[in-house]
Amino acid sequence: MFGNQKNFAIIIAIIFIAIGLRIYTFYGYVGLDDAEYARFAHQIVNKTFDVKAYSGPPVFPLRIGIILPASVSFRLFGVSQWSMVLYPLIISIMSILLVYFSTTYLFSSRAGLIAAAIWAVLPLDIYNATKLLPDLSAAFFASLGV
């Protein structure tokens, strides 16, 4: 899967660097769209979620692909900024692995390592990795489908 132990060690190092960058650049809760997703996730945990009672923009309660993982995180770790961004952070790291495996399959393990290293420091991915927004998970699952 990783070719050899050297490639495995390099991809692990890339992942740790990526996690470090994402944690270092995390500046906390913003309170825009992510507030709505967090509110719905909290309502699911408290069993008060009712789509019919919501009168805001209809897109928020229907994005269960971001709300349900956040509610699981809230249930397991309590409601906090870190539990709120756990799912996007995991998806971001999984994206690095997806890039590595895809590029290795299409080209070579060296190309896969280079692609993973580039993806690990990609500013847009770093920025979105700690935001409770559906963009990152939608991009990951669309890429996984391809």
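Count residues from 1 along the sequence.
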Heavy-atom check, side chain of F74 versus side chain of S80, under 4.5 Å: no
Distance (rounded to the nearest 0.5 Å) between M94 CE and S143 OG: 11.5 Å
Y37 reachable from V72 in the ILVMFWY side-chain graph, under 4.5 Å edges: yes
Heavy-atom side-chain contact between M84 and F77 under 4.5 Å: no
Smallest separation among heavy atoms of R22 and T130, with atom names: O-CG2, 3.7 Å
Atom pair CG/CZ of L113 and F8 - distance to nearest 0.5 Å: 12.0 Å
N7 side chain reached by N4 side chain, heavy atoms, under 4.5 Å: yes
S92 and S95 side chains, donor-acceptor separation under 3.5 Å: no
Sub-4.5 Å side-chain heavy-atom contact between L21 and V121: yes
Closest heavy-atom pair and its distance - L32, D34: N-OD1, 3.0 Å
Any side-chain heavy-atom pair of R110 and T104 under 4.5 Å: no
Flag, side chain of S71 to backbone of L68, donor-acceptor distance under 3.5 Å: yes
Centroid-centroid distance, F40 to F60, less than 6.0 Å: no
Co-membership, hydrophobic cluster, residues Y100 and I114, 4.5 Å side-chain: no
Atom CD1 of I64 with >12 non-hydrogen neighbours under 6.0 angstrom: no
Any I15 side-chain heavy atom under 4.5 Å of L97 side chain: yes
Hydrophobic cluster membership, I96 vs I17, 4.5 Å side-chain cutoff: no
Parallel, tilted or perpendicular: rings of W82 and F26 (30°, 60°): tilted
Residue pairs passing the ring-ring contact (aromatic ring centres under 6.0 Å, His included) test where at least one lies in residues 112-146, sequence neighbours excluded: none
Test item: E36 and Y54 side chains (from C-beta on) under 4.5 Å apart, heavy atoms: yes
Minimum side-chain heavy-atom gap D33-K131 below 4.5 Å: no
For the student: nearest non-hydrogen atoms of I14 and A116, plus distance: CG2-O, 3.7 Å
R75 side chain to H42 backbone, donor-acceptor under 3.5 Å: no
